[in-house]
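A short write-up of the structure that comes next.
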Amino acid sequence: MGVMLLEDLVGLSHSLTILCTIILMVLLLVPIVIPVMLSFFSNDDESAYTALLTSPRREEASGSVSSEEQEVILSEVDEQKPKEIDLLPASERQKRIAELQAKLFQAAAVGAVRVKRRKGPRRGEDFTLLQAMIKADFWLLFFSLLLGSGSGLTVIDNLGQMSQSLGFEDSHIFVSMISIWNFLGRISGGFFSEIIVKDYAYPRAIALATAQVFMAIGHFIFAMGWPGTMYIGTLLIGLGYGAHWAIVPAAASELFGVKNFGALYNFLTVANPAGSLVFSGIIASGIYDYEARKQANHNHSTLLGMVSDVAPALKCEGSICFFISSMIMSGFCIIAAALSLILVHRTKIVYTNLYGKPRT
């Protein structure tokens, strides 16, 4: 983006542009060093926690328990363990959990504990796609993604016409800028959501709601058509749209497991083109054409003396072209943020169990 701005403002020589391109390629290739070093120079040490239970004791405890019962017992450990275990250091916490697992296996083996078989997994365990689709949390995440990412993709699809309606002849700089903000949104969304869940054990969807509020502000700025609208709007929309694709996959894996993550994630991504089809293909395009026809009819008297075999293409000018659609998109983002906050309220206990007691 820096090179692009310099080319537009002061101009760069061809050789300097080539040099900048080479530097950029080097920066892009640098991350390859990480997997290479991990592959050839890392030490595959066994975890210290695998030896917490001696193998005779484990085999004796689990030998008379079926594999199905073993899975149920392991899933019940989080419910059976005392809350103070989460406050212990990592090594002590793993040791206490391992001891609790051994006791449950032994009790089940001698019949002291009756293992209860549950119908379907709990949140945080591995779901199939059909099991997830009957859960309200899954649909809250889906429709939040549909409204948020769909409205962002609407801006990306119509960015050329939006910039031209506001008087910019060349829209390529805004297309490049929103792509860069989209990339940075994915990085920042993932980074800040990790802080939220790891340091505070709070639901990741709170970061999603924050991104959607930023997008609502960006759509509102587009609707107003103020000076600098294209720069500020592309910043907020690009960051918010990109954040969706860092937060939603991680949230889906935490709530519904990773065993069937491919099916779950690909179903969730249907929200993106579905939102674009409705918001961009119907709402934004329909309103733009309506405003363009109004302007064409208003200027019809000046075109009466002109003779042409080809009708001129409809073109709308001014912030009115996207005022209504941008306000609608802003409202959709507010609704998406509300859905995300409902998901936060419903999944607090899940993240507390996954990441420990939240900070005060």
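Side chains are part of it too, since the values below use all heavy atoms of this structure and drop only hydrogens, waters and symmetry mates. Treat the numbers as computed from the prediction; the structure is a model and nothing was measured.
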Just do the side chain to side chain contact (heavy atoms under 4.5 Å, CB included) check on Tyr290 and Ile324 with the steps written out, would you? CA-CA 11 Å; Tyr290 171 76; Ile324 298 176; over 6 Å; no
Any chance you could lay out the side chain to side chain contact (heavy atoms under 4.5 Å, CB included) test for Trp245 and Asn272, step after step, and finish with the verdict? CA-CA 10 Å; Trp245 301 108; Asn272 197 43; 3.5 Å; yes
Please assess Leu239 against Met215 for the test side chain to side chain contact (heavy atoms under 4.5 Å, CB included), listing each intermediate value before the final yes or no. CA-CA 8 Å; Leu239 289 176; Met215 292 184 68; over 6 Å; no
As a quick check of understanding, evaluate side chain to side chain contact (heavy atoms under 4.5 Å, CB included) for Ile328 and Ile287, giving each step before the final call. CA-CA 11 Å; Ile328 293 174; Ile287 294 175; 4.2 Å; yes
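Residue Ser151 comes nearest to Leu147 through the heavy atom pair OG-O, 3.0 Å, listed as atom of the first residue, atom of the second, then distance. Taking every heavy atom of both residues into account, Glu254 and Tyr355 meet most closely at OE2-OH, 2.5 Å. In this structure, Ala251 and Arg204 approach most closely via the heavy-atom pair N-CD, 3.8 Å. Pairing each heavy atom of Pro203 with each of Val197, the nearest pair is C-CG1, 4.3 Å. Contact detail for Ile334 and Ala216: the closest heavy-atom pair is CD1-CB, 3.7 Å. Listed here is the closest heavy atom pair of Gly242 and Asn182: CA-OD1, 3.0 Å.
With hydrogens and angles disregarded, no donor-acceptor distance shorter than 3.5 Å links the side chain of Ser285 to the backbone of Ile282. Side-chain N or O atoms of Thr347 include none that pairs as donor or acceptor with a backbone N or O of Val350 at under 3.5 Å. Side-chain atoms of Thr352 come within 3.5 Å of backbone atoms of Lys348 as a donor-acceptor pair (strictly under, hydrogens ignored). Side chain of Glu194 to main chain of Phe191: no donor-acceptor pair is present (N/O by atom type, distance under 3.5 Å, no hydrogens or angles). A donor-acceptor distance shorter than 3.5 angstrom exists from the side chain of Arg123 to the backbone of Arg346, with no hydrogens or angles considered. Not a single donor-acceptor pair under 3.5 Å links the side chain of Glu317 to the backbone N or O of Gly167. Under a 3.5 Å cut-off, the side chain of Thr269 and the backbone N or O of Asn266 do form a donor-acceptor pair. Tyr288 places a side-chain N or O within 3.5 Å of a backbone atom of Cys316 that can act as its donor or acceptor partner. Listed for the Ser193 side chain is a donor-acceptor partner under 3.5 Å among the backbone atoms of Gly190.
If you take CD1 on Ile232 and CD1 on Ile237, they are separated by 12.0 Å, rounding to the nearest 0.5 Å. To the nearest 0.5 Å, the span separating CG on Leu339 from CG on Leu141 amounts to 10.0 Å. To the nearest 0.5 angstrom, Thr17 atom OG1 is 11.0 Å from Ile22 atom CD1. Interatomic distance, OG of Ser326 versus CE of Met162, reported as 4.5 Å (0.5 Å rounding). Taken to the nearest 0.5 Å, the CZ atom of Phe174 stands 11.0 Å off from the CD atom of Gln164. Distance check: Ile156 CD1 to Ile178 CD1 gives 4.5 Å after rounding to the nearest 0.5 Å.
In this structure, Ser319 and Met224 have side chains that are not in contact, with every pair of non-hydrogen atoms separated by 4.5 Å or more. Put simply, the side chain of Ser253 does not reach to within 4.5 Å of the side chain of Tyr265, judged on heavy atoms. Residues Leu208 and Ser144 form a side-chain contact, since some pair of their non-hydrogen atoms from C-beta on lies under 4.5 Å apart. Between Leu129 and Asn260, the closest side-chain pair of non-hydrogen atoms is not below 4.5 Å. Looking at Leu236 and His219, their side chains never come closer than 4.5 Å, going by heavy atoms from C-beta outward. Proximity of Leu145 to His244: side-chain heavy atoms (C-beta onward) are separated by under 4.5 Å at one or more points. Looking at heavy atoms from C-beta onward, Ile195 lies in side-chain contact with Phe192 at the 4.5 angstrom threshold. Using a 4.5 Å heavy-atom threshold, the side chains of Met230 and Ser163 count as touching.
Checked against the 6.0 Å centroid threshold, Tyr202 and Tyr351 do not count as a close aromatic pair. For an aromatic pair to be called close, the ring centres must be under 6.0 Å apart, and Phe267 with Phe138 satisfies this. Phe222 has its ring centre no less than 6.0 Å from the ring centre of Phe323.
Between Phe143 and Trp139, the two ring planes are tilted [angle within 30° to 60°]. Between Phe168 and Tyr231, the ring planes are perpendicular. Angles over 60° get that label, and only those under 30° would be called parallel.
Side-chain atoms of Gln212 and Ser340 form a donor-acceptor pair, as typed in the model, at a separation below 3.5 Å. Arg293 and Asn297 form no side-chain donor-acceptor contact under 3.5 Å, judged by distance and modelled atom types alone. Asn158 and Ser280 form a side-chain donor-acceptor contact under 3.5 Å, judged by distance and modelled atom types alone.
No continuous path of hydrophobic side-chain contacts links Ile18 to Leu16 [ILVMFWY only; heavy atoms under 4.5 Å]. Note: the hydrophobic cluster containing Phe40 also contains Val33 (ILVMFWY, side chain heavy atoms under 4.5 Å, direct or indirect links). Grouping the Ile, Leu, Val, Met, Phe, Trp and Tyr side chains by contacts below 4.5 angstrom, directly or via other members, places Ile349 with Leu354. Transitive grouping of hydrophobic side chains (ILVMFWY, heavy atoms separated by less than 4.5 Å) brings Leu19 and Val10 into a common cluster. A continuous path of hydrophobic side-chain contacts links Met133 to Leu140 [ILVMFWY only; heavy atoms under 4.5 Å].
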